[in-house]
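In each ligand, atom 1 is the first atom listed, and ligand 1 is the first ligand listed. Position 1 is the first residue of the sequence; numbering continues from there.
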Amino acid sequence: MPRYDFRCRSCGATFELSRPMDRANDPAVCPEGHPDTVKLLSTVAVTGAAAPAPSGGGGGCCGGGCCG
Ligand SMILES: [Zn+2]
């Protein structure tokens, strides 16, 4: 699930949310409870291409980057 960065215009806090792409533009509420937030451009590359599957690996799927 892609992550989106938001910034609160009330208190200036930045925070990150993971949400489905079809909810990307939904309003996000600051951890402090302020509803006046803006979505920041993310550097996360989410394209239509499937991620290459690791081959021959054993154990964790990603070395800890996405599993937990
Ligand atoms: Zn805030």
Heavy-atom closest contact ([X] atom, [Y] atom, distance):
X     : Y     : answer
Val29 : Thr37 : C-CG2, 4.4 Å
Lys39 : Tyr4  : CD-CD2, 4.0 Å
Cys8  : Phe15 : N-CE2, 4.3 Å
Arg19 : Ala24 : NH1-O, 3.5 Å

Answer whether the closest heavy-atom distance between the side chains of Leu17 and Phe6 falls below 4.5 Å.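 When only atoms from C-beta onward are counted, Phe6 and Leu17 do touch, with a gap below 4.5 Å.
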Should Ser10 and Cys30 be marked as a side chain to side chain contact (heavy atoms under 4.5 Å, CB included) after you check the CA-CA gap, both sets of side-chain angles, and the distance that decides it? CA-CA 9 Å; Ser10 294; Cys30 162; over 6 Å; no
Enumerate the protein N/O/S atoms at a distance below 2.8 Å from the Zn ion (ligand 1), ignoring waters.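 Less than 2.8 Å away from the Zn ion (ligand 1) sit Cys8 SG, Cys11 SG, Cys30 SG, His34 ND1.
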